[in-house]
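Worksheet: the structure to be examined is printed underneath.
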Protein chains: 2
Amino acid sequence: MKTKRYSESLEDYLETIYMYGGKDVKSVDIANHLNVSRASVNNALNSLIDKGLVTKKLYGNIALTDTGLEVSKKILEKHEILKEFLIDVLRVKPKQAETEACGIEHVISDYTASQIKKLIKKIKSEN
Amino acid sequence: MKTKRYSESLEDYLETIYMYGGKDVKSVDIANHLNVSRASVNNALNSLIDKGLVTKKLYGNIALTDTGLEVSKKILEKHEILKEFLIDVLRVKPKQAETEACGIEHVISDYTASQIKKLIKKIKSEN
DNA sequence: CCTGCAAGTTAGATTACACTAACATTATAG
DNA sequence: CTATAATGTTAGTGTAATCTAACTTGCAGG
């Protein structure tokens, strides 16, 4: 059940693929979303394919493998928890919260994320 | 008053120099603390010198400049706040908390850090 | 004082991740 | 159905950060 860790960069790519539906995703959308070149996306995808997280044929669209899906889901979940915590609890501005969540999500453990989730709930119920 | 951002790696070096007193610091201690080679430390120090954060003569010891001191202090402060939050509020194991704080400290804004600090105080006062 | 080891430096290799430019393929609009 | 635009790929480059190995310098014990 312990999820393997990947580089921040690769996790960002995974997360983006997931956000675009996890299958039939287009390279160019990833490039636009992450503000990187199409070449960089291609490069990253090859790493993800090597690691068994993504499948794709030459000139074909992108899909997450089961493992890739699992990893992506967890990252996005952390992202959402962090954003909620930053915005609703800490009163950080949404845009800044988005940026910070993007950084923190790659660092915190599943346990820490779940603890933050509990804390949010507790604090919100106090109002 | 807005502090410039540096790479995680360079911030780690700065933080370590600060932890060792901020002046008369030895390269080898930094290497041991960060588990990197002496060569890597040398390399990083040259970057920090270029950026005006550290001073040092050839074969001499290391000292933070005023700017370097300011930056380091802020990072270490974030580190401490995060550690306290993770351990005392979220009940993360100390070793894990240390690791996660090390990652998050490079990402969060001064504002977010100060908000976390307030939250810790509030929560602790409730007991 | 001098010598040997500890510490600092340099050179060169490696890896990851980004870029641009040029080229290949696919999709689409006339 | 073909020409062109959009997308995907490849090749080559750059930068940051790491490493090892070899070299230089400095200091502390004999």
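All of these numbers come straight from a predicted model, not from anything done at the bench. Proteins come first, then strands; the chains are lettered A, B, ... in the order of their sequence lines, and each starts at number 1.
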### Query
Looking at residues at least two apart in the chain, or sitting in another chain, which of them share a side chain to side chain donor-acceptor pair (under 3.5 Å) with A:E70?
none
### Task
May I have all residue pairs that pass salt bridge (Lys or Arg N to Asp or Glu O under 4.0 Å) and include part of residues 7-32 of chain B, sequence neighbours excluded?
none
### Message
In this structure, how many angstroms lie between the P atom of C:dC23 and the CG atom of A:L58, rounded?
### Response
19 Å
### Task
Take atom OH of B:Y59 and atom C1' of D:dC27, then tell me their distance rounded to the nearest Å.
14 Å
### Message
In whole Å, I'd like the distance from the OH atom of B:Y6 to the P atom of D:dA16.
### Response
14 Å
## Note on the structure
Rounded to whole Å, the CG-P distance (B:D24 to D:dC27) equals 12 Å
### Protein-to-nucleotide contact annotation, 5' to 3' order, nucleotides 12-21 of chain C [B base; S sugar-phosphate only; - none; under 4.0 Å, heavy atom]
-----SSBB-
### Message
Closer than 4.0 angstrom, basic N to acidic O: yes or no for B:D88 and B:K83?
### Response
no
### B:D66 atom CG: more than 12 heavy-atom contacts under 6.0 Å
no
### Query
Rounded to the nearest Å, what distance is computed from the CG atom of residue B:N61 to the P atom of nucleotide C:dA7?
11 Å
### Summary
Tested for side chain to side chain contact (heavy atoms under 4.5 Å, CB included) against A:L76, the lone hit among A:K74, A:E80, A:K73 is A:E80
### Message
What is the distance, to the nearest angstrom, from the CG atom on B:D29 to the P atom on C:dA6?
### Response
15 Å
### Query
Roughly, in whole Å, what's the span from CG in A:L45 to C1' in D:dT10?
14 Å
## Note on the structure
When rounded to whole Å, the NZ to P distance for the pair B:K56 and C:dA7 reads 15 Å
### Message
If we check side chain to side chain contact (heavy atoms under 4.5 Å, CB included) with A:L53, which of these qualifies: A:L69, A:L64, A:I17, A:T67?
### Response
A:T67
